[in-house]
Amino acid sequence: LADKGYIKPETKEKVLEAARKLQYRPNHTAQNLKAGNTKKFGLVLPDITNMYYPIIAKSIEEYAGKKGYMILLCNSNMSLQKEKQLFELLKRRAVDGVIALPVSQDISHIQELACQGIPYVLVNRDFANDSHCIPSDNFYGGYTMMKYLIEHGHKNICAIFQSFENSIYKERWEGAELALKEFGLNDTLFLYDVNDMLAAHKKVLSLLGANEQPTAFFASNDMLAAGVYSAAYERKLIIPKDISVVGYDNIAYSFLMVPPLTTFEQPAGEMARRAIDLLIKQLNGDAINKKAKKLRGRLVERKSVAKVPLKI
């Protein structure tokens with residue numbers, strides 16, 4: 001259970017399977033009395049080039065510091081294989097707990113930490129059978145941003161999503177779909193599996209050259225919105241005069257974009273506080289049986305959306 005020394009793989013699996021069935025949790029506090037508390041938490045992020053993740057990392061680091069802990073930052077680079085390797089590394093570094101924003105629906109390697117007495121928390125994720133989640137209401141965010149565009153008169157709307165392997169984008173899509181349905185609109189212009197700014201630029205550039213062009217774009221994160229901006233610039237289109245754009249996450253430079261981007265701000269500070277508090281609660285031996293309530297962010301209105309004139 002401590003993952004020390006050589007044990008035959010088949011024997012190790014039998015022990016871990018028995019621990020899972022019995023819901024066995026080693027007393028981490030007792031282990032610390034023997035080995036010494038490291039006062040370190042691991043933080044595993046999917047992609048540090050997406051500027052949302054430094055926002056959440058900064059919030060986590062600041063609050064952990066107030067509680068006397070330091071953060072070991074790891075970047076999985078959107079790779080499940082690398083994510084698994086990072087968790088093995090963090091176990092060897094004897095961290096007191098791990099905070100993760102997983103890249104996929106496969107979290108079995110994370111859940112195994114509990115069998116070894118290592119607390120973990122999943123931030124901005126909502127897994128049905130795991131009570132270690134601090135979820136943000138991404139469905140509400142997607143619904144809010146799509147409804148905002150519709151209420152400004154837009155009917156031909158292109159929404160751009162990263163891979164649904166990351167469940168937050170599927171949730172945002174579901175929210176956007178509900179808004180469309182309520183207003184009797186469809187999603188024929190949606191773009192999927194657009195995983196970075198350059199890909200967004202290329203796909204939007206092609207779309208803006210087609211016969212049926214959208215009047216508005218909903219980018220499921222602000223990095224993709226930046227790709228829309230660059231494609232519009234290349235097509236000599238003016239935002240919001242020619243097309244409107246909204247994003248998601250309210251990253252640091254969204255208000256510096258020209259024009260400033262209307263976007264959705266997630267409660268990063270509150271998620272960070274709850275994540276650290278939940279780790280410390282587990283370290284103190286408290287059971288986590290109830291999933292946390294979803295946190296809601298807010299729409300940040302700026303200058304990137306125009307109303308569509310009524311046709312007489």
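Atom set for the values below is all heavy atoms of this structure, side chains included, hydrogens, waters and symmetry mates excluded. These figures come from a predicted structure and were not determined experimentally.
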> Any sub-3.5 Å donor-acceptor pair from E270's side-chain atoms to L295's backbone N or O?
Replying inline: no
If you count every heavy atom of other residues, nucleotides or ligands that lies below 6.0 Å from [X] atom [atom1], does the total exceed 12?
| X | atom1 | result |
| --- | --- | --- |
| K39 | NZ | yes |
| E10 | CD | yes |
| K58 | NZ | no |
| K155 | NZ | no |
| Y192 | OH | yes |

What distance separates [X] [atom1] from [Y] [atom2], expressed to the nearest 0.5 Å?
| X | Y | atom1 | atom2 | result |
| --- | --- | --- | --- | --- |
| L16 | K21 | CG | NZ | 12.5 Å |
| Y248 | N138 | OH | CG | 4.5 Å |
| D196 | N221 | CG | CG | 10.0 Å |
| R92 | F87 | CZ | CZ | 13.5 Å |
| M257 | T262 | CE | OG1 | 10.5 Å |
| R93 | L90 | CZ | CG | 8.0 Å |

If I compare all heavy atoms of [X] with all of [Y], which pair ends up nearest, and what's the gap?
| X | Y | answer |
| --- | --- | --- |
| R235 | G209 | NH2-CA, 4.0 Å |
| P214 | L189 | CB-CD1, 3.9 Å |
| S244 | V305 | OG-CA, 3.5 Å |
| G247 | L261 | N-CD1, 3.9 Å |

Please tell me whether [X] and [Y] have a donor and an acceptor in their side chains that are separated by less than 3.5 angstrom.
| X | Y | answer |
| --- | --- | --- |
| N77 | S79 | no |
| Q266 | D249 | yes |
| D137 | Y143 | no |

> Among I107, I288, L122, whose side chain to side chain contact (heavy atoms under 4.5 Å, CB included) with C133 holds?
Replying inline: L122
> Per the side chain to side chain contact (heavy atoms under 4.5 Å, CB included) rule, which among L72, V95, V98, I276 passes with F41?
Replying inline: I276
> Parallel, tilted or perpendicular: which describes the rings of Y120 and H132, with under 30° parallel and over 60° perpendicular?
Replying inline: parallel
> Given I280 and Y69, is the side-chain contact (heavy atoms from CB on, under 4.5 Å) satisfied, shown in steps?
Replying inline: CA-CA 10 Å; I280 293 174; Y69 288 84; 4.2 Å; yes
